[in-house]
Colleague: 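Encoded as structure tokens, here's the structure I'll be asking about.
Below, all heavy atoms of this structure are taken into account, side chains as well, without hydrogens, waters or symmetry copies. Every value quoted in this text rests on a predicted model; they were computed, and no experiment measured them.
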Amino acid sequence: MKSAVTVSLVPEARGGPFVFWDDLAAACRSAKALGFDAIELFPPGPDAVDPGDLRALLDDNGLSLAAVGTGAGWVKHKLSLTAADQATRDRALDFVKKVIEFAGPFGAPVIIGSMQGRAGDDVPKPVALRYLGNALFKLDEHAGDYDTRVLYEPLNRYETNLVNTQADGAALLAGLGVQRVALLCDLYHMNIEEVNLADALRAAGKYVGHVHFADSNRRAAGMGHTDFAPVVQALRDIGYSGYLSAEVLPLPDPEAAAKQTMVAFREAMARG
């Protein structure tokens, strides 16, 4: 397994669980100095970062691009794949497609988290799930055109009322028959919704495509109550070899959160 750290360039998301903010070049230098394998990038939009500049920063610092988030689609542009309005859903789908086009040449998957939206009086849950499934099916095809993947993230009940557990996420993907959509298993959300983190990961099995490495309180691993030993063992048991990516609060400050993440990551890897 490999390590990654989050970098947000979205001012509207300030206060959210991202380690580094605003200065992409400085974040890459810090990630290199601390020994990370990759960064996970959250841009304001698909055209916000010049691909040539990003390629140079990654190459200069010996980093890969672990994933690209689409959260700005919601927090900045108020786009949702399950909006009641067809035009809004179309714009949301186009936003994600363009992020796929940006991420694909880097071999990076694209994350669908907050853009999945939620059910409500204007969009009952069965309808919202149908909209979500239709979007994921179309994004699966588009990801194939750019030789990358889509990561669908079940969120906790306070952030969505669509899909909250890994089992429900896996069932959704299995029902769609998609080939390039996998689950983003966020340990913070899982701590709220799952009975047992390790068992949930084993049950999700082949659908696990990415892991957000966060403690129970959304701080860096090792600064909360999560026991990571069985989590890492479960990931090994299912043959997961992807990223453990720190989508965590920058507390007490970004450097400290990043350093603690690397301490926890190395301890976890040393266990076997």
Colleague: I'd like to know if Asp85 pairs up with Arg89 as an ion pair, taking the criterion as any Lys NZ or Arg NE/NH1/NH2 lying under 4.0 Å from an Asp or Glu carboxylate oxygen.
Modeller: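 Salt bridge between Asp85 and Arg89, a charged N being under 4.0 Å from a carboxylate O: no.
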Colleague: Identify the two heavy atoms, one from Gly205 and one from Ile238, that lie closest to each other, and give their separation to 0.1 Å.
Modeller: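 In terms of heavy atoms, the two residues are closest at O-CD1, 3.7 Å.
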Colleague: Leu24 versus Leu57: any side-chain heavy-atom pair under 4.5 Å?
Modeller: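 Side chain of Leu24 against side chain of Leu57, heavy atoms only: contact under 4.5 Å found.
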Colleague: Judged by modelled atom types alone, do Glu101 and His142 share a side-chain donor-acceptor pair under 3.5 Å?
Modeller: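 Indeed, the side chains of Glu101 and His142 share at least one donor-acceptor pair under 3.5 Å.
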Colleague: Let me check something: do Val263 and Leu34 share a hydrophobic cluster, defined by ILVMFWY side-chain heavy atoms less than 4.5 Å apart, either directly or through other members?
Modeller: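 As far as the 4.5 Å side-chain criterion goes, Leu34 and Val263 are not connected within one cluster.
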Colleague: Would you give the length of the straight line joining atom CD of Glu153 to atom CG of Leu184, rounded to the nearest 0.5 angstrom?
Modeller: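 Taking CD in Glu153 and CG in Leu184, the distance rounds to 4.5 Å.
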Colleague: Find the distance between CD1 (Ile192) and CG (Leu187) and round it off to the nearest 0.5 Å.
Modeller: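 Between atom CD1 of Ile192 and atom CG of Leu187 there are 12.0 Å.
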Colleague: In terms of side-chain geometry, is the basic nitrogen of Asp237 or Arg202 positioned less than 4.0 Å from the acidic oxygen of its partner?
Modeller: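 Counted as a salt bridge, because a side-chain N and a carboxylate O are separated by less than 4.0 Å.
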Colleague: Considering only residues two or more places apart or on different chains, which pairs with a residue in residues 52-110 satisfy ring pair (Phe, Tyr, Trp, His ring centres under 6.0 Å)?
Modeller: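 Pairs touching residues 52-110 that pass the test: His77-Phe95, Phe102-Phe106.
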Colleague: For the side-chain contact (heavy atoms from CB on, under 4.5 Å) test, which of Leu65, Leu58, Thr6 pairs with Leu41?
Modeller: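 Output: one option passes, namely Leu65.
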Colleague: For Glu255, enumerate each residue passing the side-chain hydrogen bond (donor to acceptor under 3.5 Å, both in side chains) test, keeping only those at least two apart in sequence or located in another chain.
Modeller: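 Once residues adjacent in sequence are excluded, the partners of Glu255 under the side-chain hydrogen bond (donor to acceptor under 3.5 Å, both in side chains) criterion are Ser30.
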Colleague: Do His212 and Glu40 have side-chain atoms, one donor and one acceptor, less than 3.5 Å apart?
Modeller: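 Yes, side-chain donor-acceptor contact under 3.5 Å.
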Colleague: Ignoring hydrogens and geometry, is there a side-chain-to-backbone donor-acceptor pair from Gln116 to Gly113 under 3.5 Å?
Modeller: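 Yes, the answer is positive, given that a donor and an acceptor are paired below the 3.5 Å cut-off.
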Colleague: Begin with the C-alpha distance, continue with both residues' side-chain angles, and end with the deciding distance and a verdict on side chain to side chain contact (heavy atoms under 4.5 Å, CB included) for Ser64 and Tyr243.
Modeller: CA-CA 11 Å; Ser64 298; Tyr243 289 99; 3.5 Å; yes
Colleague: Can you give me the closest heavy-atom contact between Gly73 and Met115, atom names plus distance?
Modeller: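 Answer, listing the atom of Gly73 first, then Met115: CA-SD, 3.7 Å.
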Colleague: What distance do His210 atom NE2 and Leu244 atom CG have between them, rounded to the nearest 0.5 Å?
Modeller: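 Interatomic distance, His210 NE2 to Leu244 CG, rounded to 0.5 Å: 9.0 Å.
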Colleague: Salt bridge or not between Asp145 and Lys97? Use side-chain N to carboxylate O under 4.0 Å.
Modeller: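 No, no charged N to carboxylate O under 4.0 Å.
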Colleague: Taking the side chain as everything from C-beta on, heavy atoms only, tell me whether Arg219 gets closer than 4.5 Å to Pro252.
Modeller: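 Arg219 vs Pro252: side chains touch.
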Colleague: Please give me the minimum heavy-atom distance between Gly15 and Leu249, naming the atom from each residue.
Modeller: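 Looks like O-CD2, 3.8 Å.
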Colleague: Could you check if a side-chain atom of Thr82 sits within less than 4.5 angstrom of a side-chain atom of Arg118, using non-hydrogen atoms only?
Modeller: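 Sidechains of Arg118 and Thr82: no contact.
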Colleague: How about Asn191 and Ser216: does a side-chain donor come under 3.5 Å of a side-chain acceptor?
Modeller: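 Distance-only check fails for Asn191 and Ser216.
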Colleague: Taking the side chain as every heavy atom from C-beta outward, state whether Val7 and Val19 have any atom pair closer than 4.5 Å.
Modeller: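 SC-SC contact between Val7 and Val19 ruled out.
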Colleague: I need the minimum non-hydrogen distance between Arg149 and Gly209, along with the two atoms involved.
Modeller: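 Closest approach of Arg149 to Gly209, heavy atoms only: NH2-O, 3.4 Å.
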Colleague: Looking only at atom types and distance, does a side-chain atom of Asn156 sit under 3.5 Å from a main-chain N or O of Glu193, one as donor and one as acceptor?
Modeller: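 Flag not set: sc Asn156 to bb Glu193 has no pair under 3.5 Å.
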Colleague: Given the rule that I, L, V, M, F, W and Y join up when any side-chain heavy atoms are under 4.5 Å apart, are Val150 and Tyr240 in one cluster?
Modeller: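 Yes; tracing contacts between hydrophobic side chains, which count when under 4.5 Å, links both residues.
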Colleague: Check the surroundings of atom CD in Gln179: do more than 12 heavy atoms from other residues, nucleotides or ligands lie under 6.0 Å from it?
Modeller: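 For Gln179, atom CD is not crowded (no more than 12 foreign heavy atoms under 6.0 Å).
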Colleague: Going through the distances and angles, do Asp147 and Arg180 end up as a salt bridge (charged side-chain N to carboxylate O under 4.0 Å, His left out)?
Modeller: CA-CA 9 Å; Asp147 196 25; Arg180 289 181 171 269; 3.3 Å; yes
Colleague: Counting only heavy atoms not in Lys206 (residues, nucleotides, ligands), do more than 12 fall under 6.0 Å from its NZ?
Modeller: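 At most 12 heavy atoms, drawn from other residues, nucleotides or ligands, come within 6.0 Å of this atom.
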Colleague: Give the C-alpha distance, both sets of side-chain angles, the deciding distance and a yes or no for side chain to side chain contact (heavy atoms under 4.5 Å, CB included) between Val181 and Tyr207.
Modeller: CA-CA 8 Å; Val181 185; Tyr207 291 102; over 6 Å; no
Colleague: Any side-chain heavy-atom pair from Leu183 and Val208 closer than 4.5 angstrom?
Modeller: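 With C-beta onward as the side chain, the pair stays apart.
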Colleague: Quick check against the 3.5 Å criterion: does Thr148 have a side-chain atom that pairs as donor or acceptor with the backbone of Ala108?
Modeller: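 Looks like yes, one N/O pair under 3.5 Å.
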Colleague: How would you list, by chain and number, every residue that makes a side-chain hydrogen bond (donor to acceptor under 3.5 Å, both in side chains) with Thr226, sequence neighbours excluded?
Modeller: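 Checked Thr226 against side-chain hydrogen bond (donor to acceptor under 3.5 Å, both in side chains); matches are Asp215.
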Colleague: Do Asn161 and Lys125 touch side chain to side chain, with heavy atoms closer than 4.5 Å?
Modeller: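 No, every pair of side-chain atoms sits at 4.5 Å or beyond.
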Colleague: For Phe213, which residues count as a ring-ring contact (aromatic ring centres under 6.0 Å, His included) partner, sequence neighbours excluded?
Modeller: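 Per chain and number, Phe213 pairs via ring-ring contact (aromatic ring centres under 6.0 Å, His included) with Phe228.
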Colleague: So which heavy atom on Arg236 is nearest to which on Met269, and how close?
Modeller: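 The answer is NH2-O, 3.1 Å.
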Colleague: Please round to the nearest 0.5 Å and tell me the distance separating atom CG of Leu251 and atom CD of Gln260.
Modeller: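 It comes to 12.5 Å.
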Colleague: Given Leu201 and Cys185, is the side chain to side chain contact (heavy atoms under 4.5 Å, CB included) satisfied, shown in steps?
Modeller: CA-CA 8 Å; Leu201 290 167; Cys185 303; 3.8 Å; yes
Colleague: Do Arg218 and Glu247 meet the salt-bridge criterion of a basic N to acidic O distance under 4.0 Å?
Modeller: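 Here Glu247 pairs with Arg218 in a salt bridge, since their nearest N and O are under 4.0 Å apart.
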Colleague: Is the shortest heavy-atom distance from the side chain of Pro250 to the side chain of Phe20 under 4.5 Å?
Modeller: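 No; the side chains remain at least 4.5 Å from each other.
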Colleague: Please give me the minimum heavy-atom distance between Leu197 and Glu194, naming the atom from each residue.
Modeller: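 Minimum heavy-atom separation between Leu197 and Glu194: CD2-CB, 4.2 Å.
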Colleague: Going only through I, L, V, M, F, W and Y residues with side-chain contacts under 4.5 Å, is there a path from Leu63 to Phe42?
Modeller: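 In one cluster with Leu63: Phe42, no.
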Colleague: So, Asp253 and Lys259, do they make that salt bridge, N to O below 4.0 Å?
Modeller: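 Result for this pair is no, no salt bridge flagged.
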Colleague: Is there a path of hydrophobic side-chain contacts, each under 4.5 Å between heavy atoms of I, L, V, M, F, W or Y residues, that connects Met1 with Val211?
Modeller: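 Result: yes, single cluster for both.
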Colleague: Look at the side-chain heavy atoms of Ile, Leu, Val, Met, Phe, Trp and Tyr, link any pair under 4.5 Å apart, and say whether Phe265 and Val232 land in one connected group.
Modeller: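 Cluster IDs for Phe265 and Val232 match.
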Colleague: Please lay out, stage by stage, how Leu139 and Leu93 fare under the test side chain to side chain contact (heavy atoms under 4.5 Å, CB included).
Modeller: CA-CA 8 Å; Leu139 293 171; Leu93 188 67; 3.7 Å; yes
Colleague: Please list, one pair per line, the donor and acceptor atoms closer than 3.5 Å that link side chains of residues 163-177 to other protein atoms, with sequence neighbours excluded.
Modeller:
unit_1: Asn164; atom_1: ND2; unit_2: Leu155; atom_2: O; d: 2.8
unit_1: Asn164; atom_1: ND2; unit_2: Thr160; atom_2: O; d: 3.0
unit_1: Thr165; atom_1: OG1; unit_2: Asp168; atom_2: N; d: 3.1
unit_1: Thr165; atom_1: OG1; unit_2: Asp168; atom_2: OD2; d: 3.4

Colleague: For the atom pair OG (Ser245) and CD1 (Ile111), what is the distance rounded to the nearest 0.5 Å?
Modeller: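 Reported value, rounded in 0.5 Å steps: 7.0 Å.
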Colleague: Considering residues at least two apart in sequence or located in another chain, which fulfil the side-chain hydrogen bond (donor to acceptor under 3.5 Å, both in side chains) criterion with Glu141?
Modeller: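 By the side-chain hydrogen bond (donor to acceptor under 3.5 Å, both in side chains) rule, Glu141 matches no residue at all.
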Colleague: So do the side chains of Asp22 and Arg14 get within less than 4.5 Å of each other, counting heavy atoms only?
Modeller: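 Answer yes - side chains close enough.
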